[in-house]
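Take a look at the structure set out below.
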Amino acid sequence: MTRQRFAFCGAELAAVYVLADGREELHLAELTGKPSMLYGLPAVLSVDGHSPAAEAYRSGRPLWLNPKELAAYVEEDPHHFPGRVREDSVKPSPARLSLGALPLGHGAQELGCLIVAGDVPDGFSNDRRSLLELYADQVAAGLASAAAHAPGRPAPRPLRGHTLVPLRGGAFILELGTGRMEAHARVLEMLGIPPDRFDGKVETLLESAVPDDVPALMAIVEPDRLTSGPQQLAFRIRRPGGELRWLGLRCRVITDDDGTPVRVLGVVADASYLRPSADEVSIVQRLSAQLAGATTIRDVSQMVVNSLRGPLDASRVAVAELEADRLVVTVLDPPDPQAWPDMWRSEWRSEWPDASMHDLPTLQSVLREGHVSLWPPGADLEPALAGIGPGGLAVLPLPADGRMVGVCLVGWDGQHRFGPEERSLLTATAGLVGQALTRAHALDAGHELATMLQRSLLPRKLPSLPGGVAVARYLPATVGLEVGGDWYDVIPLGDGHVALVIGDVQGHSAGAATIMGQMRTAVRAYAVERHPPDVVIARANRLLVGMETDLFATCLYVDLDMEEGIAWFVRAGHPQPILRNPDGTTAEMTVEGGPPLGVVTDTAFPMTEVGLVPGAVLALLTDGMVESSNVRLEDGMRRVCEALAMADPADPGMMADELLAGVNRRDDDVALLLLRYDGTRARPMRTNWTVWRLPNAVQHARRFAARTLRSWGVEAELDVALLVVSELVTNAIAHTQGEVQLDLTLSADRLRIAVNDGSPRSPVRPASVDWSATGGRGILIVEATTASWGSVPLSGGKQVWAEVPLATTRTAHPARAATPPGV
């Protein structure tokens with residue numbers, strides 16, 4: 001039994017009774033204060049007996065006895081009362097002694113009872129009762145901690161060097177209307193604030209708290225967040241000498257008759273039992289030793305995952321770096337995309353996803369504040385974060401050199417409640433990891449620069465395609481630190497066409513990545529100009545030859561009509577594409593090819609036409625996926641065909657991941673581009689007409705258009721369409737030279753009218769047209785009568801187009817229109 005001095009809110013004696021094994025007895029575990037107030041306290045009480053401790057324990061509610069009520073209680077059953085009031089000369093007299101019995105724990109965690117007694121002639125006031133009840137919660141927390149550190153013992157006992165009753169506890173009262181605080185001298189003593197320096201402001205007390213714990217403290221004392229229920233928190237302070245100390249806070253809100261919070265009653269007590277355990281300290285020490293030898297970003301990230309996921313029993317751990325407004329993931333565990341929310345899967349185009357910070361506003365806010373943030377189960381977070389930890393989420397900003405260099409996310413599927421020990425462990429880990437990432441950057445600067453260059457040159461997001469789904473994956477080489485020149489692209493071309501491109505620049509260096517970026521840009525530019533596929537590759541070849549570099553590149557280019565399913569392939573020294581048919585049969589395609597780009601200046605690149613049916617999957621890949629120092633090209637292609645045949649085409653992203661599952665140690669970079677061709681519901685009807693430069697050329701064009709549209713069943717929009725035909729053809733005849741062609745395309749909901757000519761100059765909408773002007777009204781008429789219009793460059797000229805919406809949606813047509821009636 002301890003005999004240390006105890007005094008709190010009028011109580012001068014405290015006794016802790018704990019529930020014994022079997023739950024039939026309460027055993028006296030600790031007595032402190034003035035034992036002379038109540039002497040002869042029994043060591044064992046029956047749970048079913050008649051005593052204040054037993055009654056409070058059974059009812060689960062505090063029992064308060066003023067001197068008169070205490071005297072009556074003793075008279076009723078003097079033999080079973082726990083302790084007797086002294087009637088000799090020892091003060092206080094029985095007429096001044098008040099007693100309280102407060103249950104410890106509740107529900108499934110019933111721990112025992114706290115007895116307090118003091119020289120309070122009028123009984124404990126309401127404020128004192130509330131503060132003592134909060135103090136009992138502090139005792140219960142220490143008791144629960146003692147039980148957790150010594151499982152299986154018949155009754156919890158104090159940890160070595162600690163007591164169950166916090167002796168250095170103090171109280172405070174905060175007036176919400178004025179913001180003034182009255183704090184007990186012991187509160188100031190624990191915080192290391194001299195009484196003469198305390199100005200009655202809560203901010204003065206918060207200055208002693210560790211910055212990571214300030215947001216949690218503010219959440220309790222901010223008036224607009226308070227609730228009528230009790231609040232509790234464990235937090236850390238930094239003493240003036242630098243000592244770090246754990247304190248426990250319990251508070252209760254007092255409201256007026258309208259339910260408006262007016263005061264906060266709080267208890268602060270020592271919580272040194274919350275110091276990190278030996279296991280937690282060893283985790284930090286072991287991680288620190290491992291990080292000291294880490295030389296790459298990948299090594300640092302993997303060490304963090306290995307150190308945290310097991311000890312914390314976490315479901316997911318992610319480590320990511322900050323690059324401008326992007327979050328670049330360096331390691332995810334588990335690495336399976338299906339284990340992560342939709343937003344992360346949609347950004348998964350390389351080994352790991354990288355997401356825009358604009359999609360994660362909560363994460364942005366945490367990184368700005370720079371403090372570890374913990375969210376309990378069911379927290380209101382954006383889906384991209386909530387899905388990582390539905391049972392609990394920890395976000396660790398990683399600081400280094402006064403800035404945030406990254407973030408670590410730890411999530412749980414099952415319900416997880418964060419203890420103060422975990423917060424201390426996570427905070428210590430965050431500081432170590434941030435510094436380690438900075439060191440790894442310095443040691444690995446060349447590789448990181450090349451990797452960043454290559455990442456910036458690849459498309460961040462593939463476009464949505466009508467009639468199909470495209471996904472891509474990129475994996476850097478794991479052997480060596482130089483970056484490669486693999487690239488891919490998906491280019492919408494308009495008029496239902498899309499270009500698929502995959503290529504590989506020879507070598508592994510920043511130079512290869514630079515050439516890759518130039519080739520990707522050139523191919524995209526030539527494709528958008530609507531050059532035929534063989535012309536696109538031929539021009540890219542001449543461009544690379546003219547760069548005077550020793551590097552060459554392979555490339556595979558596909559121009560696919562998404563509405564018709566017709567694809568034109570051009571191959572320049574690249575591995576063959578692979579086609580999976582809707583019935584699952586998969587085989588390497590046979591596409592004619594030419595030499596790699598950059599080898600021969602003038603060479604032919606033949607085109608191969610292939611028809612795709614809805615449900616087919618087209619795979620374009622680089623040689624790093626199918627060939628290595630120990631794998632022959634034929635064997636690698638066979639493995640990919642088998643994996644593609646077994647994969648489920650319902651999810652192209654999962655198909656891509658399964659194809660890459662067998663690619664482990666990589667001598668070369670790997671790029672993969674998959675397209676699942678679905679086809680469109682209504683196949684468009686197309687035709688064209690060459691406009692001869694005759695005096696009545698516009699009349700012939702109108703007549704052709706009228707007969708064609710009537711044969712297609714277009715009646716309501718006929719007059720508008722003919723007016724647009726007249727204006728576009730007139731402009732082409734009057735302002736250009738060479739051949740003029742009229743194209744008509746009827747899709748499900750609109751009619752597209754396009755005129756191709758040999759001039760690269762786009763039409764200009766006049767700012768104003770004078771009443772006496774003889775020209776300039778054509779484009780204004782087209783703009784006024786159509787839903788949209790524009791101009792796109794073509795090989796050797798341009799195309800001016802306009803679209804007229806249909807009054808009713810056209811149903812699917814079984815086939816393309818036959819040749820329209822002649823003129």
- Item | Nearest heavy atoms of Arg96 and Pro67, plus distance in Å | C-CG, 3.6 Å
- Please round to the nearest 0.5 Å and tell me the distance separating atom CG of Leu327 and atom CG of Leu367. 7.5 Å
- Message: As a quick check of understanding, evaluate side-chain contact (heavy atoms from CB on, under 4.5 Å) for Leu19 and Val47, giving each step before the final call.
- Response: CA-CA 9 Å; Leu19 186 63; Val47 168; 4.0 Å; yes
- Note on the structure: The reported gap from CG in Leu265 to CZ in Phe172 (rounded to nearest 0.5 angstrom) is 8.5 Å
- Flag the pair Leu393 / Leu381 as yes when at least one side-chain heavy-atom distance between them is below 4.5 Å, and no otherwise. yes
- Would you find a donor on one side and an acceptor on the other, under 3.5 Å apart, between the side chain of Arg316 and the backbone of Trp340? no
- With a 4.5 Å heavy-atom cut-off, do Val407 and Val395 have their side chains touching? yes
- Message: Quick check against the 3.5 Å criterion: does Glu382 have a side-chain atom that pairs as donor or acceptor with the backbone of Thr362?
- Response: yes
- Item | Check: Leu13 and Leu31 side chains under 4.5 Å, non-hydrogen atoms | yes
- Message: Show the nearest heavy-atom pair for residues Ala384 and Pro341, with the distance to one decimal.
- Response: O-CG, 3.6 Å
- Message: Among residues at least two apart in sequence or on other chains, which ones pass salt bridge (charged side-chain N to carboxylate O under 4.0 Å, His left out) with Glu25?
- Response: none
- Ile237 backbone acceptor or donor facing Ser208 side chain under 3.5 Å: no
- Task: Begin with the C-alpha distance, continue with both residues' side-chain angles, and end with the deciding distance and a verdict on side-chain contact (heavy atoms from CB on, under 4.5 Å) for Leu360 and Met343.
- Result: CA-CA 10 Å; Leu360 300 163; Met343 190 277 282; 3.6 Å; yes
- Look at the side chain of Glu110 and the backbone N and O of Tyr57, then say whether any donor-acceptor pair between them is shorter than 3.5 Å. no
- Item | Chi angles and distances behind the side chain to side chain donor-acceptor pair (under 3.5 Å) call for Tyr73, Glu55 | CA-CA 12 Å; Tyr73 201 101; Glu55 288 192 21; 2.9 Å; yes
- Answer yes or no: is there an ion pair linking Glu133 with Arg250, defined by an N-O contact shorter than 4.0 Å? no
- Which heavy atom of Ala171 sits nearest a heavy atom of Cys9, and at what distance? CB-SG, 4.2 Å
- Which heavy-atom pair separates Val120 from Gly10 by the least distance, and what is that distance? CG2-O, 3.7 Å
- Task: Take Leu247 and Met190, measure what side-chain contact (heavy atoms from CB on, under 4.5 Å) needs, and give me the verdict at the end.
- Result: CA-CA 9 Å; Leu247 298 180; Met190 283 187 290; 4.0 Å; yes
- Query: How far does OG of Ser46 sit from CG of Leu26, to the nearest 0.5 angstrom?
  - Reply: 8.0 Å
- Query: Is the backbone of Asn66 close enough, under 3.5 Å, to the side chain of Glu69 for a donor and an acceptor to pair up by distance?
  - Reply: yes
- Among Asp127, Asp256, Thr255, find the residue that satisfies the side chain to side chain donor-acceptor pair (under 3.5 Å) test when tested with Arg263. Asp127
- Message: Once ring pair (Phe, Tyr, Trp, His ring centres under 6.0 Å) is applied, do any residues pair with Phe124, and if so which ones, sequence neighbours excluded?
- Response: Trp64
- Item | Between His184 and Glu189: side-chain donor-acceptor atoms closer than 3.5 Å | no
- Query: What is the distance from atom CG of Leu45 to atom NE2 of His50, rounded to the nearest 0.5 Å?
  - Reply: 12.0 Å
- Message: A side-chain contact here means heavy atoms from C-beta on lying under 4.5 Å apart; do Ile254 and Val264 qualify?
- Response: no
- Message: Test of understanding: with side chain to side chain contact (heavy atoms under 4.5 Å, CB included), list the residues that count as partners of Pro194, not counting sequence neighbours.
- Response: Asp196, Arg197
- Message: If you count every heavy atom of other residues, nucleotides or ligands that lies below 6.0 Å from Asp199 atom CG, does the total exceed 12?
- Response: yes
- Item | Smallest separation among heavy atoms of Pro195 and Leu188, with atom names | CA-CD1, 3.9 Å
- Pairwise side-chain contact, Leu409 with Leu363, heavy-atom cut-off 4.5 Å (strictly under): yes
- Does Arg58 pair with Asp48 as a salt bridge, N-O distance under 4.0 Å? no
- Query: So does Glu182 have more than 12 non-hydrogen atoms from other groups sitting under 6.0 Å from CD?
  - Reply: no
- Side-chain heavy-atom pair Val16, Leu28 within 4.5 angstrom cut-off: no
- Query: What distance separates Leu102 CG from Ile115 CD1, expressed to the nearest 0.5 Å?
  - Reply: 8.0 Å
- Message: Working note: Val267 + Gln138, criterion side-chain contact (heavy atoms from CB on, under 4.5 Å); need CA distance, chi angles, decisive distance, verdict.
- Response: CA-CA 8 Å; Val267 171; Gln138 296 278 21; 4.2 Å; yes
- Find the distance between CD1 (Ile173) and SG (Cys251) and round it off to the nearest 0.5 Å. 12.5 Å
- Kindly say whether Ala14 contributes a backbone atom to a donor-acceptor pair with the side chain of Thr32 at under 3.5 angstrom? no
- Nearest heavy-atom approach of Ala11 to Leu132 is CB-CD2, 4.2 Å
- Message: Counting C-beta onward and ignoring hydrogens, is there a side-chain heavy-atom pair between Leu99 and Val116 closer than 4.5 Å?
- Response: no
- Do the side chains of Glu175 and Thr178 get nearer than 4.5 Å, heavy atoms only? yes
